[in-house]
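Written out below as structure tokens is the structure these notes cover.
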2 protein chains.
Amino acid sequence: MSQAPTQEQAVVVDLTAVIVSIAGDQPRVLVRPRAGGDKALEALPSGPLELRHRTLEAGLRSWVTAQTGASLGYVEQLYTFGDQDRTPDHGDGRRVLSIGYLALSRAGAASMPDESVWRDWYRHFPWEDWRRGRPEVLQSLEKPIRRWVAAAKAGTERTARKERASLAFGLDGTAWSDDRVLERYELLYELGIVAEARRKSREAPSAEAKLDGQPMAADHRRILATAIARLRGKIKYRPVVFELMPPTFTFLQLQRAVETLAGVRLHKQNFRRLVAQQGLVEETGAIVAGTGGRPARELRYRQEAILERQAPGLRLRAVRGTE
Amino acid sequence: MSQAPTQEQAVVVDLTAVIVSIAGDQPRVLVRPRAGGDKALEALPSGPLELRHRTLEAGLRSWVTAQTGASLGYVEQLYTFGDQDRTPDHGDGRRVLSIGYLALSRAGAASMPDESVWRDWYRHFPWEDWRRGRPEVLQSLEKPIRRWVAAAKAGTERTARKERASLAFGLDGTAWSDDRVLERYELLYELGIVAEARRKSREAPSAEAKLDGQPMAADHRRILATAIARLRGKIKYRPVVFELMPPTFTFLQLQRAVETLAGVRLHKQNFRRLVAQQGLVEETGAIVAGTGGRPARELRYRQEAILERQAPGLRLRAVRGTE
DNA sequence: TCAGAAATGCTCAGAGTGAGTATAAGGAGG
DNA sequence: CCTCCTTATACTCACTCTGAGCATTTCTGA
């Protein structure tokens, strides 16, 4: 029974990278003009898994280096996508499996051999940037969402939709959660608001078309959403931001980086206290002028912190029994 | 450049499930005797991705239902494994890609059509069970680990190894972290202590062979480690335990369930307080006798809690800027 | 009837966190 | 050179969250 007849699906594996960097106040992702078809749609760098690739991650790194010349530091597997109806059709009956990766790059002006470009990721997700308060798009998105909730006949289904909408978009008193990026995108996809959802059905743009952010090739916007969600979640308990920072920086620069990724504003003094007491950074001794105000102390990341933080006397004693 | 010549790797996709349930004080995982070869080695239920499977998860569910009859509630994709040298060789040059899933089952005596059996997962990871204090295996494991650290020539490499060992196994004052299951397994794999590591090289069991837990077929123990790690992590911030509980239960039963998964003991009163104040459960009104002491109030899970918890006035106001 | 095991209730000291007040120290403009 | 604006830093305060225990209550079994 464990041996299937031979219905086995022929598969092509695509390694897809979401390469993130920060430029000033912009969170950026590396994209390339799409190979065939619609030139307007940009795609994430990706390439097929090949024989010579010993591991999946090695394959990804090799593709990225070849295509963009970007130097990847941190790399993490995100998710494997393989839904039949959300995947580009190869025509030959083979199924496309896309393994998404999140990669962090210290940016710099990496030499990019081809036409790759960095794009502000909020261009694709305008509702995710709360740094200057609640984005106005949300105002308009709320209407179709509520309509969708109301469209279900009262009862379990209605309740379920309501809960889903509230959690994802922070409606009815529920707080906005910065890391529910994927849930939000998926909900908009189901509502047909997102352009990608209307491709298969060749449906005309709905009235809400303008609300949608910039679409991407294939299912890449979904992969990007997954990456942002993961990064926003991770940033809260692992010192990954530093992978995106230059060797030295100031408190404010660090704070801006976090804000840029999380899409929210933070309380300056408390952020400072937090970072300082965790021992994640140390002063280089230098002073940085030209900050627009009083000069700031220059900082650098302290690798050792990771170990120390767990040392006894500091945080976590035993295990917490949450739930 | 984005179109590779045609080095594309032919691939077989395997959907592999780690199905977890709880029986008394045992965390259990569903396994089946391995199809071919070494009958002693057990394997996780799995099956190839087929044409008829619209989505990966659907494919997995269909396999599991067919093979075990178990009713899966919660299902979550874990990770996709594809390292060339840690994957069973198909002989025909095709690469095996394994997509691992974590599934939670309310157990019950599911009708299991074939020879599937539930196994205590600590059988495969004896060093993960701290419920009765530090497991003795660790005493013996510490020696080879320290030897491995010392084997690197002083400097960066030595420091790196030391840090890795400390973090994973809680050495030198670092606290034991229940969810670093995968890091620990991988370290032991590299050290050749784990039997799976010696398969490819046909190496003889090392002196420490007895320290290792029960091996599994192919790379399945690694997938299991990934699942345990994920579950232990998730249990701390999402109410997933309830997927494993019967409809009604007592505080102690719930606590035992969490302890069983996390492999640690918790403070009874504090656990109680935590669960209660989060509003995750409500009393059914019934009283359960025969607990071995004073009768306990019967509880049930409150689905609604998830929404309420985020409501204003309660937790999280804005976003915390950790890092 | 007493000891033991659970179930519950409550208290206390500390660490952690959200907000806000108060100062210090550059730069731009007049 | 003085003033205002902006950023950098220090601290304070009120609460909340958490780890540890102490104290009682209520069954079961010997």
Minimum-distance nucleotide to B:Leu252 side chain [options: C:dA7, C:dA19, D:dT9]: C:dA7

Shortest non-hydrogen separation from A:Gln77 to A:Arg230 and the atoms involved: O-NH2, 2.9 Å

Gap between atoms NE2 and P, on B:His267 and C:dC10 respectively (whole Å): 15 Å

Sidechain-backbone polar pair: A:Tyr74 side chain, A:Leu244 backbone, donor-acceptor under 3.5 Å: no

ring-ring contact (aromatic ring centres under 6.0 Å, His included) involving A:Tyr101 - partner list, sequence neighbours excluded: none

Between D:dT7 (P) and A:Arg297 (CZ): distance, integer Å: 18 Å

Donor-acceptor pair present, B:Arg273 side chain and C:dG9 base, under 3.5 Å: no

Side-chain donor or acceptor of B:Arg232 paired with backbone N/O of B:Leu261 under 3.5 Å: yes

Test applied, side-chain contact (heavy atoms from CB on, under 4.5 Å); reference residue, A:Trp121; option that passes from A:Val31, A:Leu231, A:Asp129: A:Leu231

Main-chain N/O of A:Met245 paired to A:Arg106 side chain as donor or acceptor, under 3.5 Å: yes

Any donor-acceptor pair under 3.5 Å from B:His124 side chain to B:Gln214 backbone: yes

Interatomic distance, A:Phe251 CZ vs D:dT6 C1' [rounded to whole Å]: 18 Å

Expected output: side-chain A:Gln278 to main-chain A:Val275 donor-acceptor under 3.5 Å: no

Any B:Lys268 side-chain N or O less than 4.0 Å from OP1/OP2 of C:dT8: no

Length of the line joining A:Leu274:CG and D:dT9:P, which is rounded to integer Å: 17 Å

A:Asn270 or B:Arg272, whichever maps to the more 5' nucleotide of DNA chain C: B:Arg272

Atom pair distance, as rounded to whole Å: CZ in B:Phe271 and P in D:dA20: 16 Å

Atom-to-atom span, CD of A:Gln277 to P of C:dT17 - whole angstrom: 7 Å

Review item, nucleotides 1-3 of chain D N/O atoms under 3.5 Å of protein N/O:
none

B:Gln253 CD - C:dA6 C1' separation (whole Å): 12 Å

Distance-only donor-acceptor check, side chains B:Thr174 and B:Asp172, under 3.5 Å: no

Contact state string [nucleotides 23-28 of chain D, B base, S sugar-phosphate only, - no protein heavy atom under 4.0 Å]: --BBB-

Whole-Å distance separating the CG atom of B:Leu254 from the P atom of C:dA6: 17 Å

